[in-house]
Amino acid sequence: MISLSTKKIRYADPYITEEDVEAVAEAVRNKRLSQGEYAARFEQEFAGHLNLKQAVATTNGTAALHLAVLAAGVKPGDEVIIPSFTFAATAECVLYVGAKPVFVDIDPNTYNVDPKCVDKAITPKTKAIIVVHYGGQMADMDPIMESAERHGACVIEDATEAHGATYKNRQAGAIAKIGCFSFYPNKNMTTGEGGMLVTDDAEIAEKARLLRNHGQVSRFHHIMIGYNYKMSDILAALGLAQLKRLNWVIQKKKEAAQFYEKLLSGVKGVQTPYVMPAASHTYMFYTLKFINAGARDLIMQHLEQVGIETVVAFPPLHMQPIYRSLCKFNDEDLRVTEDCANRVLSLPIYPHIARHDQEFIIKSMLEELKT
Ligand SMILES: *Cc1c(COP(=O)(O)O)cnc(C)c1O
């Protein structure tokens, strides 16, 4: 047996059932170990749930983003607009192809790119815009799609945190030309490691499929330099079982979020997650914003001491030395990003979180907030 570390309350915890275990066991028993029928079925069902024609299963969300940038035809020297308030993968996929990430600022309530900032950052070199749907809430897509169309830029949705989220009755990942998902364990559905590229464009899907499998059109016949980004059937089996439960997971997380909201009503000094009108929030993160950055840091420390894990998502990429030198931005233009990064804190949330744990988390937080 491998000895497992236990931590009292994690910030995220995947919901895994015996049905999941049985699904994985079945794939292994059938010796479906690399990509085959299970992955094909997972792609079909994932595309179906988004009402899209094409889905391409990958090793992880970063690989899906890399394939999206390649399939969108982004070339060395091109510019790609992205937020700085994101996980490194959003910038990595741009740098993998020799293009330049251009950071834009975010909306202080949704933490998603501000459409006005996107429009301002577009230049003749802009080939694509990668919109991140932060923590389960979608960006304001209509004005972004409109700016992109006016300038002939391709929009890619980094929907890795937003399975099942909606905006004006449209689903995350299904609005732009290409959508990318991750099934990392902290997302609303998981395959451990895993990802998916989705699109309605048959040519983009075809290119992504070729690049995913060494540029092979048939065995040992390669027409381009590709990658090995295939998803194993073992993981696809888990994905199929998890997909069936996605709506339930989201419902349970919404209930947990409502309970936090109730516990925090009337509490001064902290703002609960904002939900855009005509949009749904699926709470991949449950992110609070404190009035005071100092209070946030003390609360995070105190919660850690009593066994509660929280995260600051995300320390801005533009403040990290490696990205400062490789990306295009002005510090003055990223003030909202910096301010939010100083004041946000994401609390534990998962479908099976106990109400008494939530009470303990808020009680511990308030002990520190009041001092
Ligand atoms: C999780 C995540 C990804 C992709 O992660 P993988 O671990 O490669 O699956 C990309 N972008 C954002 C914003 C994410 O949160």
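Both counts, for ligands and for their atoms, begin at 1 and track the order of listing. Positions are given from 1 along the sequence.
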Can a side-chain donor-acceptor contact be found between Tyr229 and Asn213 if the only test is distance below 3.5 angstrom? no
Applying ring-ring contact (aromatic ring centres under 6.0 Å, His included) to Tyr38 and not counting sequence neighbours gives none
Do the numbers put Arg10 on top of the ring of Tyr350, so that NZ or CZ is under 6.0 Å from the six-membered ring centre and no more than 45° off the axis? no
Could you list all the salt bridge (Lys or Arg N to Asp or Glu O under 4.0 Å) pairs where at least one residue sits in residues 68-88, not counting sequence neighbours? Glu79-Lys328
Looking at residues at least two apart in the chain, or sitting in another chain, which of them share a ring-ring contact (aromatic ring centres under 6.0 Å, His included) with His281? Tyr283
Decide whether Gln271 and Arg343 meet the rule of one side-chain donor and one side-chain acceptor closer than 3.5 Å. no
Pick out the protein N or O atoms lying less than 3.5 Å from any N or O of ligand 1, and list each pair with its distance.
unit_1: ligand 1; atom_1: 8 (O); unit_2: Gly61; atom_2: N; d: 3.4
unit_1: ligand 1; atom_1: 8 (O); unit_2: Thr62; atom_2: N; d: 2.9
unit_1: ligand 1; atom_1: 8 (O); unit_2: Thr62; atom_2: OG1; d: 2.5
unit_1: ligand 1; atom_1: 9 (O); unit_2: Gly61; atom_2: N; d: 2.8
unit_1: ligand 1; atom_1: 9 (O); unit_2: Ser182; atom_2: OG; d: 2.6
unit_1: ligand 1; atom_1: 11 (N); unit_2: Asp158; atom_2: OD2; d: 3.0
unit_1: ligand 1; atom_1: 11 (N); unit_2: Thr160; atom_2: OG1; d: 3.2
unit_1: ligand 1; atom_1: 15 (O); unit_2: Glu161; atom_2: OE2; d: 2.5
unit_1: ligand 1; atom_1: 15 (O); unit_2: Lys187; atom_2: NZ; d: 2.8

